[in-house]
Amino acid sequence: MTASPASAAFSSDEPMRIPIAIAPPYDARLLFERYAQVGNRARLVRLEPERRRFVRAIRAGGTALPVAVEFGGDVEAPTAAAAMPAGTPPHVAAEAARAAAHMIGADVDLAAFYACLSDDARFAALFDRLRGSKLLLDPDPFECMMKTIITQQLNLSFAGTLIERLAVLAGDTLEHEGHPLLVFPDAESVARLSYDELRALSFSQRKAEYVVDTARAVVDGRLDFARVERLSDDEALRELTQLRGIGRWSVECLLIFAYGRPDLLPAADIGLRNAVRNVWGLDAQPTAKDIDAIGAAWTPWRTYATYYLWESLRLK
């Protein structure tokens, strides 16, 4: 999780490419389409749809390196690869490729998800429009936790601005093919910040405290992401909500976007409740209790059912 400072630049020689086995169906076009519409303010990911790839820094082997995740093939026979600088040590390249595969949900079996909910006409219509759409995860749980805390009760555009400001303040920058690429800061770097430094970047006092205090909890061992990975969903919810500034929604987002847990249902999420109201044709927004009842039928794919419902708002 922690790493040494990133190098300023990498070799311009032919990059090293490691193939990624990706379970079909997969439609990379939908990934780029989604990010073009919802916005990608933080310069942590460079989207290049015309080259069918995105680029971001990934921590591996005690350093940070630029990794281009490249897509090929078609929806029913997709291919992918992780390209990184020439001369990257093999063990670092392998670790970075595993992180890239995790990010794109390479092993997620959408066919099983579609089959599970195929009898629901509301989802069948979404499956027709979103076939091959998978979540894009964060490669590092600390980064995910920071983004989640920052996003709490903010619109996505302003949250993206604050995430980028934190990365500029405490992170690093790589050069990749002549473009700067932000490296999200590690826990030690964020833990060294003062609340006032974040307040100067338009963080609220409480949000500044939650960001810095959570980073300090990681540094002193009170928050161990390797341990969280071994916990059940319920155990993680009970344990992490003991930390100040981390509520149920934040833990659910961490389990979804850092670890790719397949059966989370963030019933209190406003976007999900709005989507269910639209897709189900309800007269009023359902409550979290209503979502729990409706979503029981989506097990063991409640995470992906939620994701497709979120995407229905974008399509609408």
Side-chain angles (χ1 to χ4, degrees), residues 1-6 18 20 44-45 56-65 67 69 82 84 88-108 134-152 163 166-167 170-172 183-193 210-264 266 300 302-303:
M1 181 175 58
T2 61
S4 58
I18 298 180
I20 297 173
L44 294 160
V45 179
R56 68 149 298 153
I58 290 178
R59 295 186 185 277
T63 190
L65 68 160
V67 178
V69 181
M84 55 208 79
T88 301
H91 72 284
V92 174
E95 184 180 340
R98 286 193 297 271
H102 173 72
M103 285 184 68
I104 63 174
D107 62 351
V108 174
K134 295 188 181 185
L135 284 161
L136 180 63
L137 307 183
D138 287 309
D140 173 47
F142 174 72
E143 177 180 334
C144 184
M145 188 81 267
M146 292 291 99
K147 289 178 177 177
T148 299
I149 291 172
I150 291 171
T151 304
Q152 291 170 355
I163 290 166
L166 175 63
D172 220 318
V183 181
F184 197 85
D186 59 18
E188 285 80 2
S189 298
V190 178
R192 287 193 293 266
L193 298 176
Y210 297 161
V211 165
V212 174
D213 290 353
T214 300
R216 291 171 180 172
V218 174
V219 171
D220 66 24
R222 286 180 292 124
L223 175 50
D224 180 349
F225 289 114
R227 168 179 159 72
V228 172
E229 188 170 13
R230 297 191 295 269
L231 299 177
S232 70
D233 296 341
D234 288 341
E235 289 169 340
L237 283 163
R238 285 195 299 270
E239 187 166 308
L240 295 184
T241 51
Q242 301 304 308
L243 294 169
R244 182 169 176 261
I246 298 179
R248 183 182 183 90
W249 179 85
S250 297
V251 180
E252 290 168 336
C253 287
L254 176 72
L255 295 176
I256 290 172
F257 293 106
Y259 300 108
R261 298 284 179 93
D263 198 30
L264 267 294
R302 289 181 297 174
T303 293

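The analysis underlying the following values was restricted to heavy atoms, covering all of them including side chains, and did not include hydrogens, waters or symmetry mates.
Here Thr303 pairs with Leu135, Ile256, Leu264 under the side-chain contact (heavy atoms from CB on, under 4.5 Å) rule; sequence neighbours left out. Taking the side chain to side chain donor-acceptor pair (under 3.5 Å) definition, one finds that Arg248 meets it with Glu252, sequence neighbours left out. With sequence neighbours excluded, the residues that form a salt bridge (charged side-chain N to carboxylate O under 4.0 Å, His left out) with Glu239 are Arg227. Qualifying salt bridge (charged side-chain N to carboxylate O under 4.0 Å, His left out) partners for Asp107, counting only residues two or more places apart in sequence or in other chains: none. In this structure, Arg192 has no salt bridge (charged side-chain N to carboxylate O under 4.0 Å, His left out) partners at least two apart in sequence or on a different chain. Under the rule for a salt bridge (charged side-chain N to carboxylate O under 4.0 Å, His left out), Asp234 has no partner lying at least two apart in sequence or in another chain. Checked against side chain to side chain donor-acceptor pair (under 3.5 Å), Glu229 has no partners two or more places apart in sequence or in another chain. For Val219, the side-chain contact (heavy atoms from CB on, under 4.5 Å) criterion is met by Ala187, Glu188, Ala191, not counting sequence neighbours.
Taking OG1 of Thr151 as the reference point, atom CE of Met146 lies at 11.0 Å (rounded to 0.5 Å). Atom CG of Leu136 is separated from atom NZ of Lys134 by 12.0 Å, given to the nearest 0.5 angstrom. For the atom pair CG of Leu254 and CG of Asp138, the computed distance is 9.5 Å after rounding to the nearest 0.5 Å.
Looking at Pro139 and Arg56, their side chains come closer than 4.5 Å, going by heavy atoms from C-beta outward. Looking only at side-chain heavy atoms (C-beta outward), Leu193 and Leu166 come within less than 4.5 Å of each other. Side-chain contact between Phe257 and Lys147: absent, with no pair of heavy atoms (C-beta onward) separated by less than 4.5 Å. By the 4.5 Å heavy-atom criterion applied to side chains, Leu231 and Arg238 are not counted as neighbours. Taking 4.5 Å as the limit, some side-chain heavy atom of Leu240 sits within range of a side-chain heavy atom of Leu223. Between Tyr210 and Leu243 there is no side-chain heavy-atom pair separated by less than 4.5 Å.
Side-chain atoms of Gln152 do not come within 3.5 Å of backbone N or O of Trp249 as any donor-acceptor pair.
Contact detail for Ile18 and Ala93: the closest heavy-atom pair is CD1-O, 3.5 Å. Contact record, Phe142 with Pro185: CE2-O, 3.4 Å, taken as the closest heavy-atom pair. Taking all atoms of both residues into account, the shortest heavy-atom contact from Gly260 to Leu137 is CA-CD1, 3.7 Å. For Ala236 against Val228, the heavy-atom pair with the smallest separation is CB-CG1, 4.4 Å. Between Asp263 and Pro300, the shortest heavy-atom distance links the atoms OD1-C, 3.3 Å. Across Cys253 and Cys144, no two heavy atoms sit closer than the pair O-SG, 4.0 Å.
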Donor-acceptor pairs are to be reported for all side-chain atoms of residues 95-105 against protein atoms at under 3.5 Å, with residues two or more places apart or in another chain.
{"from": "Glu95", "atom 1": "OE1", "to": "Gly61", "atom 2": "N", "distance (Å)": "3.0"}
{"from": "His102", "atom 1": "NE2", "to": "Ala258", "atom 2": "O", "distance (Å)": "2.7"}

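For Asp140 and Arg59, the salt-bridge test fails: no basic side-chain N is under 4.0 Å from an acidic carboxylate O.
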